[in-house]
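Here the structure is laid out as structure tokens; the discussion comes afterwards.
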Amino acid sequence: LPESDLTLRTLSVVPIVLEVVEQFIADNHTEYIRSKASPLMAKSEVSKMDKDKNKNTESWRTSTTHFLSTGTDEILLTLDDRVETLIKQPKSFHERYQVLRYEESQKYSSHHDFFNPSLYANDKHTQRLIKNVLVNRLATVFLYLSPVLSGGQTHFPRAHSGPQPSTMNCDRDVGLLVPPARGKAIIFYSMRPDGQLDEGSLHGGCPVIEGEKWSANKWIWNDKIPFSEYK
Ligand code: PD2
Ligand code: ZN
């Protein structure tokens with residue numbers, strides 16, 4: 001369907017999580033993105049908070065990733081347009097695609113997609129990036145690029161104004177579980193309408209139980225993205 005005809009279903013109001021009802025990316029384009037990223041996939045890195053600097057990344061993120069830039073790729077240019085129309089923020093506010101692959105039992109523990117400056121006080125790079133908290137990731141357009149036989153949901157443990165959970169638990173009926181599906185897109189917001197970071201946007205990728213999961217992050221800032229290496 002053309003972007004203008006897509007339907008959004010509200011999955012949660014606090015935090016804001018919306019699902020595109022129709023298939024957002026055609027099967028052959030999900031395959032294309034996977035095959036383009038596949039040979040380049042490497043162990044995921046995360047921006048570590050000061051308190052976590054000595055921890056092993058694998059303790060909370062076990063997927064592999066690759067940042068994919070659009071360049072002159074016709075399929076990605078078309079997808080960029082589609083995302084821009086969907087999110088109604090200009091492309092200069094969009095990061096590259098971060099393609100993710102999870103194999104069986106791989107997961108990504110709960111986290112926020114925003115950069116909280118107080119948690120990165122000793123991290124010069126991140127501090128420089130966000131300058132002040134006013135410039136940050138506003139929303140995530142999250143793209144599911146493969147079918148998953150079992151598991152691999154995206155979990156929002158604080159959906160519907162829930163409390164901070166003590167542990168991440170994908171089995172329990174806490175918050176919101178979004179099942180993956182090939183070509184599916186969801187949008188969730190990391191900032192509240194008043195411009196504050198939304199702590200309730202906490203989310204994670206549940207372990208893949210059977211099969212593998214391909215997906216991609218498209219992070220949308222609330223301003224031109226501060227550094228060219230993010231393009
Ligand atoms: O894999 C996921 O479902 C997921 C969901 C939300 C991954 C991320 N965020 C992420 O990589 O930030
Ligand atoms: Zn995330």
Side-chain angles (χ1 to χ4, degrees), residues 11-12 15-20 24-25 30 33-34 37 41-49 52 57-68 83 87 94-116 119-120 126 129-130 136-159 165 168-171 174-191 197-221 225 230:
L11 301 181
S12 169
I16 301 173
V17 184
L18 309 167
E19 173 184 65
V20 179
F24 187 67
I25 309 180
T30 63
I33 296 167
R34 284 165 54 180
M41 300 297 281
K43 268 209 240 161
S44 302
E45 262 315 319
V46 295
S47 306
K48 287 186 190 163
M49 297 174 194
D52 294 329
T57 300
E58 259 116 88
S59 59
W60 66 95
R61 184 170 199 175
T62 51
S63 51
T64 50
T65 58
H66 175 65
F67 281 100
L68 203 57
V83 169
I87 196 75
H94 301 194
E95 286 184 46
R96 306 162 292 183
Y97 296 91
Q98 186 192 36
V99 179
L100 313 172
R101 179 177 61 205
Y102 301 77
E103 289 167 275
E104 268 172 35
S105 84
Q106 294 185 332
K107 53 142 193 182
Y108 186 10
S109 305
S110 334
H111 61 275
H112 296 101
D113 283 358
F114 60 64
F115 294 99
N116 186 338
L119 302 179
Y120 293 92
T126 303
L129 186 68
I130 54 184
N136 218 306
R137 286 181 179 152
L138 170 70
T140 304
V141 176
F142 196 76
L143 306 167
Y144 298 89
L145 301 176
S146 73
V148 182
L149 288 172
S150 176
Q153 306 94 331
T154 303
H155 189 212
F156 294 87
R158 301 193 60 181
M168 166 154 164
N169 190 337
C170 289
D171 305 326
V174 171
L176 172 68
L177 277 177
V178 181
R182 194 206 318 245
K184 170 172 168 170
I186 62 169
I187 303 169
F188 55 90
Y189 281 78
S190 291
M191 287 176 136
L197 302 176
D198 189 349
E199 292 290 338
S201 66
L202 189 73
H203 61 272
C206 297
V208 169
I209 296 168
E210 200 186 345
E212 61 173 1
K213 171 184 171 186
W214 286 81
S215 54
N217 283 301
K218 186 72 164 162
W219 285 301
I220 314 295
W221 288 65
I225 57 164
Y230 276 55

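Order of appearance sets the numbers: ligands from 1, and atoms from 1 within every ligand.
The aromatic rings of Phe188 and Phe142 lie tilted to each other, with the angle between the two planes from 30° to 60°.
We find the OG-CG distance between Ser215 and Leu145 to be 6.5 Å, quoted to the nearest 0.5 Å.
Listed for the Asn136 side chain is no donor-acceptor partner under 3.5 Å among the backbone atoms of Phe114. Using modelled atom types, one side-chain atom of Lys184 and one backbone atom of Pro179 make a donor-acceptor pair closer than 3.5 Å.
Remark: aromatic rings of His111 and His203 are close, center separation under 6.0 Å.
When each of Glu212, Arg34, Arg101 is tested with Ser146 by the rule side-chain contact (heavy atoms from CB on, under 4.5 Å), just one qualifies, namely Arg34.
If you look at Thr140 next to ligand 1, there are no close heavy atoms at all, none under 4.0 Å. Only the side chain of Trp219 comes within contact range of ligand 1, with a heavy atom under 4.0 Å; no backbone atom does.
Atoms of ligand 1 lying under 4.0 Å from at least one heavy atom of Tyr102, given by number and element, are 1 (O), 2 (C), 4 (C), 7 (C). Those atoms of ligand 1 that come under 4.0 Å of a heavy atom in Lys213, given as number and element, are 1 (O), 2 (C), 3 (O). Ligand-side atoms of ligand 1 in range of His111: 8 (C), 9 (N), 10 (C), 12 (O), range being under 4.0 angstrom from any heavy atom.
Atom 2 (C) of ligand 1 has as its closest protein heavy atom Phe142 CZ, 3.1 Å. Protein heavy atom in closest approach to atom 5 (C) of ligand 1: Thr154 CG2, 3.5 Å. Atom 6 (C) of ligand 1 has as its closest protein heavy atom His203 CD2, 2.9 Å. The protein atom (non-hydrogen) at minimum distance from atom 10 (C) of ligand 1 is Asn217 ND2, 3.2 Å.
Checking Asp198 against His112 by side-chain atom types alone, no donor-acceptor pair falls below 3.5 Å. Between the side chains of Thr140 and Asn217, no donor-acceptor pair is found at a separation under 3.5 Å.
Within the coordination shell of the Zn ion (ligand 2), defined by N, O or S atoms under 2.8 Å, His112 is absent.
Using a 4.0 Å cut-off between charged side-chain N and carboxylate O, Arg137 and Glu95 make a salt bridge.
Not a single heavy atom of Tyr144 lies less than 4.0 angstrom from ligand 1. Not a single heavy atom of His155 sits under 4.0 Å from any atom of ligand 1.
For ligand 1, the polar-atom distance check against Gln153 finds no nitrogen or oxygen pair separated by under 3.5 Å.
Residue Asp113 approaches the Zn ion (ligand 2) most closely through its N/O/S atom OD1.
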